[in-house]
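Have a look at the structure below before the remarks.
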Amino acid sequence: MNSCPVRLRGPEHTVDPAGYIEAVRAEHGSVVPVLMDADVPAWLVIGYRELHQVLNTPATFARSSARWNAWDRVPADWPLLPMVLQVPSVLYAEGDDHHRRSRAITDALAAVDPHELRSITVRMADRLIDTFCGSSGVDLRTAYAARIPALVLGWIYGLEDRRGDELAAVMTAMIDGGPDAMSAQRDLMSRMAHLVAERRAAPGPDAVSRLLAHPAGYTDDELTAELIVILGGGNQPTGEWIGNALRLMLTDERFSASFAGARSSVRSALNEVLWEDTPTQIQAGRYAVHDTELGGRHIRQGDMVLLGLSGANRDPGVRAGIPAEGNNAHLSFSHGAHRCPLPAQDIAETIAATAVEVLLDRLPDVELAVAPQELRWRPSPWVRGVSSLPVTFTPVSPRGDY
């Protein structure tokens, strides 16, 4: 196996990620030495079985980045710092503390009524579509796919529509990583702290109130950070999932030729995306508790292990002869104790499927405004999503009945 590190930055990650990963796999095997920004080293696990091993053995591969042995190599302005900076939350917690937090989040999200969730998602989808349906074209990513998850999550948090709109805008500014990203992050912290204080004083039938009342015993500061983690984990991946599914249905004749029966094919498209174009390509990370071996590589205590979810999903050792359709064994929601909670997975799927269905119901002749090969993917090895999704359609009247 080649021991020369692979750089996790460059157009090859977005132009042909499947071909690139297979070339890397052929040269390096299932566990790849990589260099992140500023040449900070890590291991990228792209083997399905190896990733299962990492995710199922927290005693060997732990979650807390406090264990990382490369902190001295991280510049103060490192762009990936938000991905590894230790913040007290379910994302980094271990052992009993993680179980406490995970149980509370699972219970709070499990109480979301699925029928009401779908009804609210339809209403939010109609609201967004009404803002552009009278024209003849729009960028579906920015005007629709990237916005609807935050609006629905805002409702789950008990926010009225206006505050949900504001929350969506702040989340978008923070995630886009532009000059306003840090101020957007501070704004988001302030909004969440204010929301926690409101719910502490006057509880309601929402997830925030349920978390405050949970036996887990959250403090206000703890819950403020947790709410941002939940929001971030549900917003961007679901938005990219919607966008990637729409791209697939608009460019692949298996789906584009059957728009008349689109509802029956939406779930298939969403599942295929999780296998082939999963929104979270690589996730940081796990940290070796002690020296160990993984996929024939010697992993030192404190080494960072990156979760190559996309690479594992494409592992020919498990994909050979197994179609994606109807198969939910992908790792797009991760696996093990730190996987996305099952109620959160159900909520994300309801939002994504409903968003696509409502759009195709409202704009049945929607089609790409550019040739498929002109679409561009976001320049990131971490996230898979189109930079824009321009479409055209026959203008229709707004409904305004929400």
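Below, each value reflects all heavy atoms present in this structure, side chains not excepted, and no hydrogens, waters or symmetry copies. The structure presented is a predicted model; accordingly, all values stated were derived computationally and were not measured.
Looking at E166 and R163, no side-chain N of the basic residue comes within less than 4.0 Å of a carboxylate O on the acidic one, giving no salt bridge. No salt bridge links E357 with R362; every basic N to acidic carboxylate O contact stays at or beyond 4.0 Å. Ion pairing of R384 with D277 is present here, as a side-chain N (NZ or NE/NH1/NH2) and a carboxylate O approach within less than 4.0 Å. Salt-bridge formation is not detected for the pair E293/R297: no Lys NZ or Arg NE/NH1/NH2 atom is positioned less than 4.0 Å from an Asp or Glu carboxylate oxygen. At a threshold of 4.0 Å, the pair R210-D107 does not count as salt-bridged, since none of the basic side-chain nitrogens sits closer than that to a carboxylate oxygen. At a threshold of 4.0 Å, the pair D161-R123 counts as salt-bridged, since one of the basic side-chain nitrogens sits closer than that to a carboxylate oxygen. Between R247 and D252 there is no salt bridge, since no side-chain N of the basic residue sits under 4.0 Å from a carboxylate O of the acidic one.
In plain terms, the two heavy atoms of V208 and R199 that are nearest each other are CG1-CG, 3.6 Å. Among all heavy-atom pairs drawn from S89 and R101, the shortest one is CA-NH1, 3.4 Å. The nearest pair of heavy atoms linking R141 to V386 is CD-O, 2.7 Å. The two atoms that bring V45 and L51 nearest to each other are CG1-N, 3.6 Å, heavy atoms only. For V356 against I242, the heavy-atom pair with the smallest separation is CG2-CG2, 4.2 Å. The shortest non-hydrogen separation linking L363 to C133 is CD2-CB, 4.3 Å.
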Under the criterion side-chain contact (heavy atoms from CB on, under 4.5 Å), I'd like the reasoning laid out for V74 against L81: C-alpha separation, chi angles, the key distance, then a yes or no. CA-CA 8 Å; V74 175; L81 202 56; 3.9 Å; yes
Quick one: do E27 and N2 satisfy side chain to side chain donor-acceptor pair (under 3.5 Å)? Show the steps, please. CA-CA 6 Å; E27 185 173 358; N2 193 331; 2.4 Å; yes
Test side-chain contact (heavy atoms from CB on, under 4.5 Å) on L227 and L211; report intermediate values, then the result. CA-CA 10 Å; L227 291 176; L211 283 166; 4.0 Å; yes
Audit row: D303, R67, salt bridge (charged side-chain N to carboxylate O under 4.0 Å, His left out) steps and yes/no: CA-CA 8 Å; D303 279 0; R67 303 173 184 273; over 6 Å; no
Between V90 and S102, is the side-chain contact (heavy atoms from CB on, under 4.5 Å) condition met? List the steps. CA-CA 6 Å; V90 69; S102 178; 4.3 Å; yes
Run the side-chain contact (heavy atoms from CB on, under 4.5 Å) test on R147 and D165 for me, step by step, so that the C-alpha distance in whole Å, both residues' side-chain angles and the decisive distance to 0.1 Å come before the verdict. CA-CA 8 Å; R147 293 193 62 199; D165 285 334; 3.7 Å; yes
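Side-chain atoms of R376 come within 3.5 Å of backbone atoms of Q373 as a donor-acceptor pair (strictly under, hydrogens ignored). Of the possible donor and acceptor atoms, none in the side chain of R25 sits under 3.5 Å from a partner among the backbone N and O of V32. Listed for the D291 side chain is no donor-acceptor partner under 3.5 Å among the backbone atoms of R300. Proximity of a side-chain donor or acceptor of Y144 to a complementary backbone N or O of A355 within less than 3.5 Å is detected. The main-chain N or O of S64 is found under 3.5 Å from a side-chain atom of E94 such that the two form a donor-acceptor pair. Remark: side-chain polar atoms of H338 are paired, donor with acceptor, to backbone N or O of A93 under 3.5 angstrom. Although no hydrogens or angles enter the test, the distance criterion places a donor-acceptor pair under 3.5 Å between the side chain of W71 and the main chain of S65. The main-chain N or O of G285 is found under 3.5 Å from a side-chain atom of R63 such that the two form a donor-acceptor pair.
Taking CD from Q345 and OG1 from T238, the interatomic distance works out to 10.5 Å, rounded to the nearest 0.5 Å. Remark: I105 CD1 to E226 CD distance equals 4.0 Å, nearest 0.5 Å. Here the CZ-OG distance, from R378 to S387, works out to 7.5 Å after rounding to the nearest 0.5 Å. The CD atom of E116 sits 10.0 Å away from atom CD1 of I156, with the distance rounded to the nearest 0.5 Å. Once rounded to the nearest 0.5 Å, the distance linking CG of L223 with NE2 of H214 reads 12.0 Å. Here E198 contributes atom CD and L212 contributes atom CG; the two are 11.5 Å apart, rounded to the nearest 0.5 Å.
Donor-acceptor pairing under 3.5 Å is lacking for the side chains of N313 and T278. The closest side-chain donor-acceptor pair between S388 and D139, if any, does not fall under 3.5 angstrom. Side-chain polar atoms of S209 and D206 form a donor-acceptor pair below 3.5 angstrom. Defined by atom type and a distance below 3.5 Å, a donor-acceptor pair is present between the side-chain atoms of T354 and R118.
L368 is listed as a side-chain neighbour of L375, based on a closest heavy-atom distance under 4.5 Å. Residues I299 and Y287 have side chains not in contact (no heavy-atom distance under 4.5 Å, counting atoms from C-beta outward). S265 is listed as a side-chain neighbour of M249, based on a closest heavy-atom distance under 4.5 Å. Considering only heavy atoms from C-beta on, V318 comes within 4.5 Å of R49 through its side chain. The closest side-chain heavy-atom distance from D39 to P5 is not below 4.5 Å. In this structure the side chain of R286 reaches within 4.5 angstrom of the side chain of L55, judged on heavy atoms. Counting heavy atoms from C-beta outward, T121 and I148 have side chains that approach closer than 4.5 Å. With contacts defined as side-chain heavy-atom distances shorter than 4.5 Å, the pair V54/L307 qualifies.
Note on ring orientation: taking the six-membered ring where Trp is involved, the planes of F132 and F393 are tilted (angle from 30° to 60°). The aromatic rings of F333 and W241 sit perpendicular, their planes meeting at an angle over 60°, well past the 30° parallel limit.
The aromatic ring centres of H52 and Y48 sit less than 6.0 Å apart.
Taking the ring axis of Y218 as reference, the NZ or CZ atom of R100 stays within 45° of it and closer than 6.0 Å to the ring centre. Both tests do not hold together for R314 against W275: distance to the six-membered ring centre under 6.0 Å, angle to the ring axis within 45°.
Under a cut-off of 6.0 angstrom, the local environment of CG in D113 is crowded, with over 12 non-hydrogen atoms contributed by other residues, nucleotides or ligands. Within a 6.0 Å sphere centred on NE2 of H115, other residues, nucleotides and ligands contribute 12 heavy atoms or fewer.
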